[in-house]
Amino acid sequence: MLAGLDGLFAALHADGRTVVGPTVRADAVVLAEVTRAADLPYGRRTEVEAGTYRLRPGDERLAFTHTSGPQSWKQVLHPPRDRLWSADRSPDRSPDGFAATEEPVQRRRLALFGVRPCDLRAIGVLDHVLGDGGRYAERRADVLVVVVNCTEPGAACFCVAAGGHPGADDGYDIVLTERPGGDYLAAAGSAAGAAILDGVPATPASAADVEAAAGAVLDAAQRMGRTVPETDLRTLLAGHREDPRWDDVAARCLTCGNCTMVCPTCFCTSVTDTTDLTGDHAERWETWESCFDLDFSHLHGGPVRASGRARYRQWLTHKFGTWHDQFGESGCVGCGRCIVWCPVGIDVTEELHALAAGEPS
């Protein structure tokens, strides 16, 4: 049992790690480098609904009574903008007049602190999709994950219905459960995590402490704010490709792409080449892309999905349906970000329930 988090921060720094975790900026809980426990969002809770996010005062002793903010750990492991290479005109160095330089990945010994179980699942999804080599794998190579079990689900949360749980089961190095008095039940999930915890002042947890922590997590599982239909979503979505509900949601959707930007598992990118005005310097950048962008499906002759209806259907069907065909799992972890940060309050769980209420088209 940890009396507080200062000792854990000290141990992580002693291990040469930069700590990235939740903190408060511009009236939102965001992810940034945090140097001490006091930087965490103590005394803040979140009030969320479809299209609504507000910070409210909470218990000053507690740092993790907030729900998912606008950012996910995707931005650390799979950044929004990544320069792949640059080239300069250099007749003396290259026969074709240009010398290209690959941009190295900035590898850092990071500790991702305060990862929620839904986001831990999302990291696992990204590991599956992107982790077989390349730049993502290099960033992921020396990252230590400190999970905090969820005891305060939000109104937009539906991790249980999405196949998850507010308690982490594997894939972490250290797991914490925040207790009402501001202390923490801690356990290691890897050798690296055990080595860190060995350097942190702690007292053994009693059986009553362990039982109370497990009860708080179980209670959170029973207080989810949303559900999805209890049916095979792949079959449901495949059978409703021409359902009129797609027209209904298209009339509301702005095709802004917010849902894909805040989603912790959406991974699509585009590549852009740029040159300076002289033509002597060029760069290639990889940037996040969204299937809501009209140009995303552009082929010779025009976009494959020209309407908002088609683009929303593509996103929802891929996330809950064809992701299984492509990667053998769901693309949704039930964090609820797409609901909260949709500017018009479109709720994916509502759309799925509406489709399930009708007959296949």
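Everything numeric here is computed off the predicted structure, so don't read it as measured data.
Aromatic ring pairs are classed by plane angle as parallel below 30°, tilted from 30° to 60° and perpendicular above 60°; the pair Tyr136 and His78 is perpendicular. The aromatic rings of Phe327 and Phe267 sit perpendicular, their planes meeting at an angle over 60°, well past the 30° parallel limit. Taking the six-membered ring where tryptophan is involved, the planes of Phe9 and Phe113 are tilted, since the angle between them lies from 30° to 60°.
Heavy atoms from other residues, nucleotides or ligands lying under 6.0 Å from CD of Gln222 number more than 12. For Gln326, the CD atom sits in a packed shell: over 12 heavy atoms of surrounding residues, nucleotides or ligands are nearer than 6.0 Å. Atom CZ of Arg252 has more than 12 neighbouring heavy atoms from other residues, nucleotides or ligands inside a 6.0 Å radius.
For the pair Ala155 and Glu49, the tightest heavy-atom approach, listed with the atom from each and the gap, is CB-OE2, 3.9 Å. In terms of heavy atoms, Thr227 sits closest to Phe158 at N-CB, 4.2 Å. When all heavy atoms are compared, the tightest approach of His324 to Phe320 is CD2-O, 3.5 Å. Of all the heavy atoms in Cys157 and Thr67, the pair that sits closest is SG-CG2, 4.3 Å. Nearest heavy-atom pair, Val333 versus Pro264, reported as atom, atom and distance to 0.1 Å: CG2-CG, 4.0 Å. Met1 and Leu185 make their closest contact through SD-N, 3.7 Å (heavy atoms, listed as atom of the first residue, atom of the second, distance).
Counted by atom type alone, Trp73 and Gln75 present zero donor-acceptor pairs between their side chains at under 3.5 Å.
With values rounded to the nearest 0.5 angstrom, Arg116 atom CZ is found 9.0 Å from Asn149 atom CG. A distance of 10.5 Å separates SG in Cys259 from CG in Leu254, rounded to the nearest 0.5 Å. To the nearest 0.5 angstrom, Arg17 atom CZ is 6.0 Å from Ile196 atom CD1.
Each of Glu286, Glu283, Glu102 was evaluated against Arg83; a single residue qualifies, Glu283, per the salt bridge (Lys or Arg N to Asp or Glu O under 4.0 Å) test.
Electrostatic pairing of Arg44 and Asp27 does not count as a salt bridge here, judged by no charged N lying under 4.0 Å from a carboxylate O. Ion pair Arg61/Asp59 flagged as a salt bridge, since at least one NZ, NE, NH1 or NH2 atom sits closer than 4.0 Å to an Asp/Glu carboxylate oxygen. A salt bridge links Arg140 with Asp127; the closest basic N to acidic carboxylate O contact falls under 4.0 Å.
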Listed pairs under 3.5 Å, donor-acceptor, residues 294-303 side chains, sequence neighbours left out:
from   : atom 1 : to     : atom 2 : distance (Å)
Ser297 : OG     : Val304 : N      : 3.1
Ser297 : OG     : Arg305 : N      : 3.0

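Under the 6.0 Å distance and 45° angle rule, Arg81 does not count as a cation-pi partner of Trp288.
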Tell me, with the steps shown, if Arg245 and Glu351 meet salt bridge (charged side-chain N to carboxylate O under 4.0 Å, His left out). CA-CA 8 Å; Arg245 183 70 185 189; Glu351 299 309 313; 2.8 Å; yes
Verdict with reasoning, Asp142 to Arg107, per salt bridge (charged side-chain N to carboxylate O under 4.0 Å, His left out): CA-CA 8 Å; Asp142 195 14; Arg107 293 188 61 169; over 6 Å; no
